[in-house]
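Any value given below was found using the heavy atoms of this structure, including those in side chains, with hydrogens, waters and symmetry copies removed.
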Amino acid sequence: MTSREGHLVELVDHTGRALGKTTVSAAHQPPGQLHRAFSVLLTDAAGRVLLQRRAEVKTRFPLRWANSCCGHPEPGEAPATAANRRLGEELGVGPVELTEVGVYVYYAEDPVTGRVEYEYDHVLRGELPADAPVRPDPAEVAELRWADPAAVAADLAADPQPYAPWLGGVLDPLLRPTADHGPTADHGPARSAGATDDGAEPSGGR
């Protein structure tokens, strides 16, 4: 897991404009640096979404349920290209045709590991048959399950603790496909506490 901590990520402003680069590790140290990321939602013919429970060795939000796959493009790399690479590495699937369905800017602090997520997150959707072979890497994924996105959102609202804090905002394009899902859109109560509306970094070194 720690081998990717030295990989480079692209620093951006609140509109997604590239500003520079830093390592994965540095970007996730408090108070966090806004950087480009992606979140993949794989859906089946019934509209269910494939969720993964993050492996225990993850440095951020381990053992929380999240979307199908997450990661960071390399500086200058297309999010869909990076996402298909990670789908192969984490789940043993792909390549999958991916469509960007929104951008979600969020900030979240992990109370267990002390790391920070501050991400300009490209939400990508792709289709995967429910019976497609999946070979999850146990160093990345503790568990997988197919779930109805509306039921997940309701459960998350009732008890957010089992879930990664970004999951509600990532699911939003599936639940509200006609809404505005740009980087400054209001994602409602599922939006992570501490996310800013003006593009400024959250204050403090928590």
Side-chain angles (χ1 to χ4, degrees), residues 4-42 58-61 66-87 89-90 94-110 114-126 164-206:
R4 290 207 315 279
E5 294 292 293
H7 288 189
L8 293 178
V9 297
E10 187 169 70
L11 299 175
V12 300
D13 65 14
H14 207 68
T15 69
R17 181 173 62 94
L19 298 178
K21 57 190 177 183
T22 190
T23 64
V24 171
S25 178
H28 293 88
Q29 297 293 334
Q33 299 181 71
L34 183 61
H35 59 279
R36 196 178 310 281
F38 62 81
S39 289
V40 178
L41 294 166
L42 294 178
K58 291 277 192 178
T59 61
R60 299 173 299 279
F61 300 99
N67 49 285
S68 311
C69 177
C70 297
H72 308 96
E74 297 175 0
E77 184 180 28
T81 300
N84 262 311
R85 182 175 66 251
R86 291 302 298 152
L87 283 171
E89 292 169 352
E90 287 195 16
V96 176
E97 184 175 347
L98 297 170
T99 301
E100 184 166 313
V101 292
V103 172
Y104 178 47
V105 179
Y106 71 93
Y107 178 84
E109 300 167 349
D110 188 334
R115 302 295 180 89
V116 170
E117 297 275 8
Y118 189 25
E119 301 198 325
Y120 186 96
D121 194 18
H122 297 262
V123 182
L124 306 171
R125 181 178 183 177
W166 60 84
L167 182 58
V170 170
L171 285 176
D172 199 49
L174 293 186
L175 300 174
R176 299 192 304 150
T178 61
D180 177 16
H181 298 290
T184 59
D186 179 7
H187 293 274
R191 189 171 184 178
S192 300
T196 60
D197 290 316
D198 59 3
E201 271 193 16
S203 61
R206 297 171 294 174

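Residues L34 and D13 fail the side-chain proximity criterion, which asks for heavy atoms closer than 4.5 Å. When side chains are defined from C-beta on, L19 counts as touching R17, because their heavy atoms get closer than 4.5 Å. Residues L171 and L41 meet the side-chain proximity criterion, which asks for heavy atoms closer than 4.5 Å. At a threshold of 4.5 Å between non-hydrogen side-chain atoms, the residues T59 and E5 count as touching. Using a 4.5 Å heavy-atom threshold, the side chains of V123 and N67 count as separate. T22 places a side-chain heavy atom less than 4.5 Å from the side chain of Q33. Side-chain contact check for H181 versus V101: every heavy-atom pair is 4.5 Å or farther apart.
Taking each heavy atom of A66 and A164 in turn, the nearest pair found is CB-CB, 3.9 Å. Residues N84 and G94 approach most closely at OD1-CA, 4.5 Å, considering heavy atoms. Taking both residues in full, the closest heavy atoms of P73 and F38 are given as CD-CD2, 3.8 Å, listed atom of the first, atom of the second, then distance. Taking every heavy atom of both residues into account, L87 and C69 meet most closely at CD2-CB, 3.7 Å. Nearest heavy atom pair, residue Y120 against residue H14, reads CE1-O, 3.6 Å. Considering every non-hydrogen atom in both G114 and P30, the closest pair reads O-CG, 3.2 Å.
A donor-acceptor distance shorter than 3.5 angstrom exists from the side chain of E10 to the backbone of G76, with no hydrogens or angles considered. Not a single donor-acceptor pair under 3.5 Å links the side chain of S39 to the backbone N or O of V170. With R36 contributing its side chain and P75 its backbone, the two residues share no donor-acceptor pair below 3.5 Å.
Atom SG of C70 is separated from atom NZ of K58 by 7.5 Å, given to the nearest 0.5 angstrom. A distance of 9.0 Å separates NE2 in H28 from CZ in R115, rounded to the nearest 0.5 Å.
The aromatic rings of W166 and F61 stand perpendicular to each other, their planes meeting at an angle above 60°, with 30° marking the opposite boundary.
At most 12 heavy atoms of other shown residues, nucleotides or ligands fall within 6.0 angstrom of atom CD in E97.
Note on E74 versus R86: no salt bridge recorded, every NZ/NE/NH1/NH2 to OD/OE distance being 4.0 Å or above.
Of the candidates V12, L11, D121, V24, L11 is the only one forming a side chain to side chain contact (heavy atoms under 4.5 Å, CB included) with H35. Checked against H72 for a side chain to side chain donor-acceptor pair (under 3.5 Å), the options H7, E77, E119 give a single hit: E119.
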